[in-house]
Amino acid sequence: MYRQRRVLTTVVSGANRGLGLEICRQLRERGDTVVALCREPSDELQALDVRIETDIDVSQDRCEHEVQKRLEGTGVDLLIHNAGVLRKDTLDSLDFNDLRLQFEVNALGPLRLTRGLLPRFNQGARIGIITSRMGSIADNTSGGYYGYRMSKAAVNMAGVSLARDLHSRGIWAALIHPGFVRTEMTGHQGSMDPPEAVTGILERLDALRSETSGGFWHSNGESLPW
């Protein structure tokens, strides 16, 4: 017997371009309700049939209370932490302000948003953190990218702690490496385009269950080393 898929309400951070924009697009194509968070909306985002909340800066502590206030009365089924920043650096070219920015956005941003939206989560809600295998200690064979690697390693740890702490509330979390995707962040270099990566990301989140909460996967389904 055919069972109609339940419509989900998904909140997406960093939704104005790149992976975030494509996540919003694919979620709307499958019929879900989307709340797109960004600092400023792009023309492409405004063209989508999604609810847009602007002036949401995950690097600022106030965003926690801002999202809680703006989404009052909205039940959240899926939260996708996509907002991120990458600064290239080497040991000889470290800029500690850039390092701090990457920690604020990549590592602390997901904690701010999760805490802000915790009262809005529905039973069985899921959290997806778009991270990177560059945050894997075991996978670091080339060095460099200190701020990005360290901030992603930090958010990986935060994601596992969230999975453990929220398990009793029926909320599950996954850490997902999208792959080497051709976006503005990567200078449009990579091995895949956003539609392919996002299809994989959503498949991983759709498959997330209580027993797999806290796992670290490539968007293609490969389990990744910490």
Side-chain angles (χ1 to χ4, degrees), residues 9-24 27 34-46 48 50-89 94-121 125-132 134-135 145-163 165-166 171 173-176 178 183-186:
T9 296
T10 302
V11 177
V12 183
S13 71
N16 62 315
R17 60 185 175 90
L19 284 177
L21 179 66
E22 183 61 25
I23 289 169
C24 292
L27 287 170
V34 179
V35 182
L37 308 181
C38 59
R39 287 180 298 174
E40 295 181 3
S42 61
D43 292 340
E44 293 83 359
L45 180 60
Q46 290 177 311
L48 298 180
V50 301
R51 172 181 167 184
I52 302 172
E53 294 292 344
T54 61
D55 195 30
I56 301 296
D57 186 345
V58 301
S59 72
Q60 302 297 313
D61 290 345
R62 65 181 175 84
C63 88
E64 176 182 339
H65 305 289
E66 193 67 27
V67 295
Q68 189 172 111
K69 178 178 68 176
R70 294 206 206 172
L71 272 71
E72 186 174 1
T74 300
V76 176
D77 299 297
L78 176 60
L79 169 60
I80 301 179
H81 295 290
N82 170 73
V85 61
L86 181 154
R87 296 286 188 266
K88 295 181 179 180
D89 58 43
L94 289 180
D95 182 322
F96 284 92
N97 287 327
D98 276 350
L99 264 66
R100 292 186 187 95
L101 174 64
Q102 289 172 96
F103 264 93
E104 291 288 357
V105 175
N106 300 343
L108 300 183
L111 284 181
R112 293 184 177 105
L113 278 186
T114 300
R115 282 216 322 182
L117 292 175
L118 201 53
R120 310 286 178 248
F121 285 136
R126 286 162 289 159
I127 299 170
I129 298 175
I130 308 303
T131 180
S132 172
M134 289 180 72
Y145 289 93
Y146 284 84
Y148 192 71
R149 288 188 187 278
M150 292 166 66
S151 63
K152 289 300 186 179
V155 82
N156 288 350
M157 181 61 80
V160 174
S161 286
L162 286 173
D165 291 341
L166 299 177
I171 300 170
L175 294 140
I176 303 175
T183 65
E184 186 176 324
M185 179 181 281
T186 63

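For the numbers below, each heavy atom of this structure counts, side chains included, while hydrogens, waters and symmetry mates do not.
- Residues L113 and S13 form a side-chain contact, since some pair of their non-hydrogen atoms from C-beta on lies under 4.5 Å apart.
- For A154, the side-chain contact (heavy atoms from CB on, under 4.5 Å) criterion is met by F103, A107, not counting sequence neighbours.
- Taking the side chain as every heavy atom from C-beta outward, I171 and L118 approach each other to under 4.5 Å.
- Residues forming a salt bridge (Lys or Arg N to Asp or Glu O under 4.0 Å) with R149 (at least two apart in sequence, or on another chain): none.
- Residues passing the side-chain contact (heavy atoms from CB on, under 4.5 Å) test with D95 are N97, D98, sequence neighbours excluded.
- For T74, the side-chain hydrogen bond (donor to acceptor under 3.5 Å, both in side chains) partners are R51, not counting sequence neighbours.
- Side-chain atoms of L45 and V50, non-hydrogen and from C-beta on, do get closer than 4.5 Å to each other.
- With 3.5 Å as the limit, one finds a donor-acceptor pair spanning the side chains of S151 and N106.
- Atom CE of M150 sits in a sparse spot, with 12 or fewer heavy atoms from other residues, nucleotides or ligands closer than 6.0 Å.
- Counting only distance, with no hydrogens or angles, the side chain of S42 and the backbone of N16 share a donor-acceptor pair below 3.5 Å.
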Derivation of the side-chain contact (heavy atoms from CB on, under 4.5 Å) call for C38 and I52:
CA-CA 8 Å; C38 59; I52 302 172; 4.1 Å; yes
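- Looking at heavy atoms from C-beta onward, L27 lies in side-chain contact with V12 at the 4.5 angstrom threshold.
- E64 is linked by a side-chain hydrogen bond (donor to acceptor under 3.5 Å, both in side chains) to R115, counting only residues two or more places apart in sequence or in another chain.
- Smallest separation of non-hydrogen atoms from V105 and G84: CG1-CA, 3.7 Å.
- Every residue meeting the side-chain contact (heavy atoms from CB on, under 4.5 Å) condition with D89, not counting sequence neighbours, appears here in chain and number order: S93, L94, L99, Q102, Y146.
- Between L19 atom CG and C24 atom SG the span is 11.0 Å, to the nearest 0.5 Å.
- Using a 4.5 Å heavy-atom cutoff, the side chains of V155 and I129 are in contact.
- V85 and Y148 get closest at one heavy-atom pair: O-CD1, 3.4 Å.
- The backbone N or O of G14 lies less than 3.5 Å from a partner atom in the side chain of N82, making a donor-acceptor pair.
- For the atom pair L175 CG and T131 OG1, the distance stands at 6.0 Å (nearest 0.5 Å).
- Rounding to the nearest 0.5 Å gives a distance of 5.5 Å between CG of L111 and CG of L162.
- Remark: T114 pairs with H81 by the side-chain hydrogen bond (donor to acceptor under 3.5 Å, both in side chains) rule, at least two apart or across chains.
- The shortest side-chain heavy-atom distance between I23 and L21 does not fall under the 4.5 Å cut-off.
- Between D57 and C63, the closest side-chain pair of non-hydrogen atoms is not below 4.5 Å.
- Judged as a salt bridge (Lys or Arg N to Asp or Glu O under 4.0 Å), and not counting sequence neighbours, the contacts of E66 are K69, R70.
- Annotation: salt bridge (Lys or Arg N to Asp or Glu O under 4.0 Å) contacts of D55 (sequence neighbours excluded): R62.
- Listed by chain and residue number, V11, V67, L71, L79, R120, F121 satisfy the side-chain contact (heavy atoms from CB on, under 4.5 Å) test with L117 (two or more places apart in sequence, or in another chain).
- Looking at heavy atoms from C-beta onward, R87 lies in side-chain contact with L101 at the 4.5 angstrom threshold.
- With sequence neighbours left out, T9 forms a side-chain hydrogen bond (donor to acceptor under 3.5 Å, both in side chains) with no residue at all.
- In this view, R112 and D61, E104 satisfy the salt bridge (Lys or Arg N to Asp or Glu O under 4.0 Å) rule, not counting sequence neighbours.
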Worked verdict on I80 versus T10 for side-chain contact (heavy atoms from CB on, under 4.5 Å):
CA-CA 7 Å; I80 301 179; T10 302; 4.0 Å; yes
